[in-house]
Every structure is written in structure tokens, then in C-alpha cells.
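Order of the sequence lines fixes the chain letters, A, B, ..., with proteins taken first and strands second; residue numbering starts at 1 for each chain.
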Amino acid sequence: MCGRVIQLSNPDAIRKLFEAAGTAPNAPPRYNGAPAQDLMVVRKHPKTGDRVLDMLRWGLIPYWVEDPKGGRKPILARSESAPTSPTFRGALEKRRGILPVDGFFEWKGEKGAKNRQPYAVMMKDRSPFGIAVIWENWKDPSTEAWLRTFAVLTCPSNALMATIHDRMPVILEPGDYDRWLGADPDVEALMVPYASEKMMLYPVSTAVNSYLNDTPEVMEPLAAA
DNA sequence: CCAGACGTTGTT
DNA sequence: GTCTGG
DNA sequence: CCAGACGTTGTT
DNA sequence: GTCTGG
């Protein structure tokens, strides 16, 4: 679930919307952002404390991993178990972030089944919104280069999302951004299903299945049969 | 998330 | 790094 | 104690 | 069927 996202950039507009300091990164519009790709993430700079907008890679690599090749790079983290998970706990305590999106895709049907139907999930008013993430800083032993990665937090579906899937990403209210990005040790109350009545979903073409198809057409409603 | 691969030898 | 299993 | 895993989804 | 890569 929530394995593809819509991030229609204009990085500077997103930077202002999420009140991030500094300069915006270069980021093309993403109609079909997929795991293993670099996407815009809002986070708090550990040293300056500034809220910043950076490019992070989707798929969390814990900092203690030696060789991420073959290693698991989870793209999702259950909010119920993350607080006690060895892999996620540290990041949840100290490295929380926000993935600014315009929507995301969800596939309905049994996993592994053929003919799964993809749906676009957005806000009714089409406004951008924030998904809660955790991130890590990993140093490549061979190149000494640092790589920032992230995973999306999930929670049980609300009534609307439950029609296609039983899990959904943790969506934050703008009023909760400060608390989420801060050092609040008790943020579990924020990791809850978002209000159904503000959201909408519609079926889209299976053209979205290929992450290589990063074009506006993947967002178009499925033509009536 | 889906698409595509799914092996061996030995070498840098 | 931290937890579980043997 | 050390060795090995450390994730999510959903299914039989 | 299961894992890896984007």
C-alpha cells in the first residue's frame, strides 16, 4: 500500500507551503514516484533546527547496515510496531519527516493477483498534503558518501480507504507539522487514520503500473467501460 | 508499488 | 545499534 | 554467551 | 514462488 506517490513539485512552492527554510532542491514533477527514487522530504535539520526540504531516497537503510545490496530496504513502517522495532525505533524518535504529496496510488485486490485495479487517492479539494515518514542517514563504506533514505508510516484505513485496502499512510494536519517534526516523545497520537470526508479516490489506468510511466496520464480517471 | 529475473566461473 | 533464539 | 536478524503486504 | 531493482 502507498507504494507510489504524486509529487507535483514546484519545489519552491512546496518549500513555502511547508514553511521550510533555505533553498528548494531541484525536483521534476513526479506523477508516479516510486521506491528507490529520490523524492522531496521535509525534515528538521539536526544542527540548525531549521525545517528544510531535501531529496531523500525512498527505502530506509538503517545506518548500521554494512552492505545494503540484498539487504531489505523497507518502504513502509507500521506505526503500531515502529516504536519498538529495532530497525525503526531510533528514526521514529529522532528523525521524523514529512513527504509532501498531491496524492498517492493504491492497488485494490489480492496481492499477487492479476488485474489489480489502481486508484488515485487525493484530497477532495486537490490540495497538497503531508505524509509522515522516518528517515536515516547511511554512509557508503566504499565511497564515504552519505545517503539519506526514508520510509512511510502506515496506520489502519479510514472508512473511505477501507473500500480498497485495510492500511493507509499516516497523513498529518498542517497544524501538527511542528509537533511531528519536533522532539515530542509522545507522537503516537498523531499516527492515526486521516479524516475520510476530506479525501477522495478514483480508479486510474493500469498505465500507472510501470514506474517508468511518469507522466500526467497516470493520474487520469479510468474511462468508463 | 510493479516488473523482471530467477546461473556459473573467475576477475578487477 | 539492539533484540531474539539457541 | 554468541549468531543472526532487523520489513510490509496479504495468502494458503 | 520469491527476490531484486527502479
Pairwise [atom1] distance for [N] and [M], with rounding to whole Å:
{"N": "B/dC2", "M": "D/dG10", "atom1": "C1'", "answer": "16 Å"}
{"N": "D/dT9", "M": "E/dG1", "atom1": "C1'", "answer": "16 Å"}
{"N": "B/dT11", "M": "E/dT2", "atom1": "C1'", "answer": "30 Å"}
{"N": "D/dA5", "M": "E/dT4", "atom1": "P", "answer": "13 Å"}

To the nearest angstrom, how far is [X] atom [atom1] from [N] atom [atom2]?
{"X": "A/R116", "N": "D/dG10", "atom1": "CZ", "atom2": "P", "answer": "8 Å"}
{"X": "A/N115", "N": "B/dC2", "atom1": "CG", "atom2": "P", "answer": "12 Å"}
{"X": "A/I75", "N": "E/dG5", "atom1": "CD1", "atom2": "C1'", "answer": "12 Å"}
{"X": "A/E80", "N": "D/dG7", "atom1": "CD", "atom2": "P", "answer": "14 Å"}
{"X": "A/L76", "N": "D/dT8", "atom1": "CG", "atom2": "C1'", "answer": "6 Å"}
{"X": "A/R89", "N": "D/dA5", "atom1": "CZ", "atom2": "P", "answer": "20 Å"}
{"X": "A/E93", "N": "C/dG1", "atom1": "CD", "atom2": "C1'", "answer": "12 Å"}
{"X": "A/R4", "N": "D/dT8", "atom1": "CZ", "atom2": "C1'", "answer": "16 Å"}

In what stems does DNA chain B take part, counting only runs of at least 3 consecutive Watson-Crick or G-U pairs whose two distances fall under 3.5 Å?
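The stems that DNA chain B takes part in, listed by first number, are B:1-6 with E:1-6.
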
Between [X] (side chain) and [Y] (backbone), is there a donor-acceptor pair under 3.5 Å?
{"X": "A/S157", "Y": "A/H165", "answer": "yes"}
{"X": "A/R57", "Y": "A/D38", "answer": "no"}
{"X": "A/R15", "Y": "A/A20", "answer": "yes"}
{"X": "A/D140", "Y": "A/A145", "answer": "no"}
{"X": "A/W138", "Y": "A/V65", "answer": "yes"}

Closer than 4.0 Å, any side-chain N/O of [X] to the OP1 or OP2 of [N]?
{"X": "A/T87", "N": "D/dA5", "answer": "no"}
{"X": "A/S85", "N": "C/dC3", "answer": "no"}
{"X": "A/S210", "N": "E/dG6", "answer": "no"}
{"X": "A/R167", "N": "D/dT9", "answer": "yes"}

Is it true that A/D214 and A/R30 have a side-chain N and a carboxylate O under 4.0 angstrom from each other?
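A salt bridge links A/D214 with A/R30.
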
Report, as yes or no, whether the 6.0 Å neighbourhood of atom CG on A/D67 holds more than 12 heavy atoms from other residues, nucleotides or ligands.
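Yes - once you tally the heavy atoms of other residues, nucleotides and ligands closer than 6.0 Å, there are more than 12.
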
Base, sugar-phosphate or nothing for [X]? Non-hydrogen atoms, less than 4.0 Å.
{"X": "A/T84", "result": "nothing"}
{"X": "A/W107", "result": "sugar-phosphate"}
{"X": "A/F105", "result": "nothing"}
{"X": "A/L60", "result": "nothing"}
{"X": "A/D166", "result": "sugar-phosphate"}

Is it true that A/F18 and A/Y177 have ring centroids separated by less than 6.0 Å?
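Between A/F18 and A/Y177, the centre distance is under 6.0 Å.
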
Starting at the 5' end of DNA chain E, which residue's closest nucleotide do you reach first, A/N209 or A/R72?
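Between the two, 5'-proximity favours A/R72.
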
Side-chain donor/acceptor pairs under 3.5 Å, residues 187-197 of chain A, sequence neighbours excluded:
{"from": "A/S196", "atom 1": "OG", "to": "A/N158", "atom 2": "OD1", "distance (Å)": "3.1"}
{"from": "A/S196", "atom 1": "OG", "to": "A/A159", "atom 2": "N", "distance (Å)": "3.1"}
{"from": "A/S196", "atom 1": "OG", "to": "A/L160", "atom 2": "N", "distance (Å)": "2.9"}

Nearest listed nucleotide, side chain of [X], among [options]:
{"X": "A/P35", "options": "C/dC3, E/dG6, B/dC2", "result": "E/dG6"}
{"X": "A/P86", "options": "B/dA3, C/dC3, D/dT9", "result": "C/dC3"}
{"X": "A/Y63", "options": "C/dG1, D/dT8, B/dC2", "result": "C/dG1"}

